[in-house]
Amino acid sequence: MGLWTRIASMVAMMLAIHRASSEPWTTASTGKIDLHSHYVPEFWREESIKAGYGEPDGIPGIPAWSEEAHLEFMSQANITKSILSITSPGTHLTPGNNTHARRLTRQCNEFAADLKRRRPEEFGFWAALPLPDVEGSLAELAYALDHLDADGVAVFTNAHGVYLGDESLTPLFKELDRRRVTVFVHPTSPCIRGAHDHGLQPASPLAEFYPNPMFEYFFESARAVTNLFLSGTTDTFPNITYIISHAGGALPPIIERFTQFASSILGLPLEINSDSVKAAFARSFYFDLAGFVFPDQIYGLLRYVGARSIVYGSDYPYTPAPGVLAIAGMINEHIDEAFPDPRDVQGIFARNARRILDRV
Ligand SMILES: *[C@@H]1O[C@H](CO)[C@@H](O)[C@H](O)[C@H]1NC(C)=O
Ligand SMILES: *[C@@H]1O[C@H](CO)[C@@H](O)[C@H](O)[C@H]1NC(C)=O
Ligand SMILES: *[C@@H]1O[C@H](CO)[C@@H](O)[C@H](O)[C@H]1NC(C)=O
């Protein structure tokens with residue numbers, strides 16, 4: 001925990017310096033809905049550590065978490081409702097062991113469903129799926145939606161090297177589309193499928209020096225969403241709603257490039273250009289504010305989407321409470337500059353999320 005506290009106070013200090021130089025906080029800091037926050041049940045922590053994920057994606061450890069601490073954090077951060085999910089590495093911990101993954105996934109989803117049942121005002125959840133096990137994921141999807149009242153599902157950019165948009169996932173996406181499911185897309189460590197059975201190769205060239213959440217996560221989000229478009233998934237299954245973490249990561253600046261390549265160089269049989277991506281975003285995509293989206297990162301995304309597509313996310317407890325509060329200060333300070341209409345700001349903090357959760 002020492003390291004987490006240090007990271008938190010570092011972030012707080014950095015932002016305090018930043019804040020001291022500008023206007024006091026303004027409007028609309030109350031009543032947020034947080035679509036990007038995590039629960040860390042003890043059994044999942046133990047299984048993760050046992051499977052070799054004690055320092056997931058290169059971060060110093062799995063943070064402490066409890067229901068009480070989460071509620072306390074919410075009241076400090078003016079969050080009225082949190083939609084919880086299991087974060088990286090997810091619930092499929094051992095390549096090839098679907099039995100174990102199905103059991104752990106179910107256990108996590110039951111845990112989250114219990115939180116939601118007991119505190120329906122405060123908690124909701126994105127159900128975990130045991131990907132890349134598609135059959136297991138279809139069964140869990142039905143169970144989570146029909147019996148556990150999940151608000152949608154959480155998937156990772158890749159599952160043991162199977163990226164969103166992969167052909168093997170088509171039966172799952174077909175079902176997500178049929179049921180009009182909300183899919184929360186969270187980054188994980190990059191991975192390449194090996195030539196052998198379950199031979200997987202981590203693919204973070206600088207992982208020795210830098211934890212993957214530092215920047216590989218952003219490349220992952222860009223890679224996965226690009227593949228959702230280029231594989232035709234977004235066209236074929238238009239009724240899925242996506243929430244992309246961290247304001248899309250590194251996606252916005254490559255949109256023009258991958259769409260141009262698709263038609264003029266690869267000649268893919270797709271009607272794709274930056275306008276069609278904008279249309280798909282407006283129809284079915286949301287982007288959350290987790291991380292350091294203000295003061296600068298947001299502007300690249302805003303060339304492609306409007307305020308209606310932005311939602312709030314804290315990333316608690318992987319961003320510890322003091323870090324979230326410091327970032328909230330930064331958001332409060334800069335959001336009016338990016339979104340001068342206070343109704344847009346209210347939409348970002350709550351109304352857009354409400355629309356997703358009410359499935360309208
Ligand atoms: C929470 O709301 C109060 C009252 O509006 C405000 O003073 C405070 O700055 C807000 N805190 C955060 C983290 O937004
Ligand atoms: C899968 O994991 C379970 C629980 O850890 C273990 O008992 C079982 O032997 C594993 N199966 C395979 C095929 O590795
Ligand atoms: C999916 O969306 C299309 C276009 O909006 C619509 O025509 C179709 O009925 C929808 N399908 C389902 C299953 O809701």
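In listed order, ligands and their atoms are each counted from 1. What you are looking at is a predicted structure, and each value in this text was computed from that prediction instead of being measured.
Using a heavy-atom distance under 4.0 Å as the criterion, the protein contacts of ligand 2 are Asn97, His100.
Between Asp133 and Arg102 there is a salt bridge, since at least one side-chain N of the basic residue sits less than 4.0 Å from a carboxylate O of the acidic one. Under the 4.0 Å criterion applied to side-chain N and carboxylate O atoms, Asp166 and Arg193 are assigned as salt-bridge partners. Contact check on Asp341 versus Arg343 returns a salt bridge, with a Lys/Arg side-chain nitrogen under 4.0 Å from an Asp/Glu carboxylate oxygen. Between Glu140 and Arg106 there is a salt bridge, since a side-chain N of the basic residue sits under 4.0 Å from a carboxylate O of the acidic one.
The contact set between ligand 1 and Lys32, taken as ligand atoms under 4.0 Å from a residue heavy atom, comprises 14 (O). Less than 4.0 angstrom separates some heavy atom of Asn332 from each of these atoms of ligand 1: 14 (O). Of all the atoms in ligand 1, the ones that sit under 4.0 Å from a non-hydrogen atom of Ala328 are 13 (C).
The backbone N or O of Phe173 lies less than 3.5 Å from no partner atom in the side chain of Arg178, so there is not a single donor-acceptor pair. Judged by distance alone, with hydrogens and angles left aside, the side-chain atoms of Ser245 form a donor-acceptor pair with the main-chain N or O of Val185 at under 3.5 Å.
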Counting only pairs under 3.5 Å, give me each side-chain donor-acceptor contact of residues 249-258, with atom names and distances, residues two or more places apart or in other chains.
residue	atom	partner	partner atom	Å
Glu256	OE1	Ser274	OG	3.2
Glu256	OE2	Gln260	NE2	3.0

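Checking only distances, Asn78 does come within under 3.5 Å of ligand 1, N or O to N or O.
Taking the ring centre of Phe123 as origin, the terminal cationic atom of Lys116 falls outside the region bounded by 6.0 Å and 45° from the ring axis.
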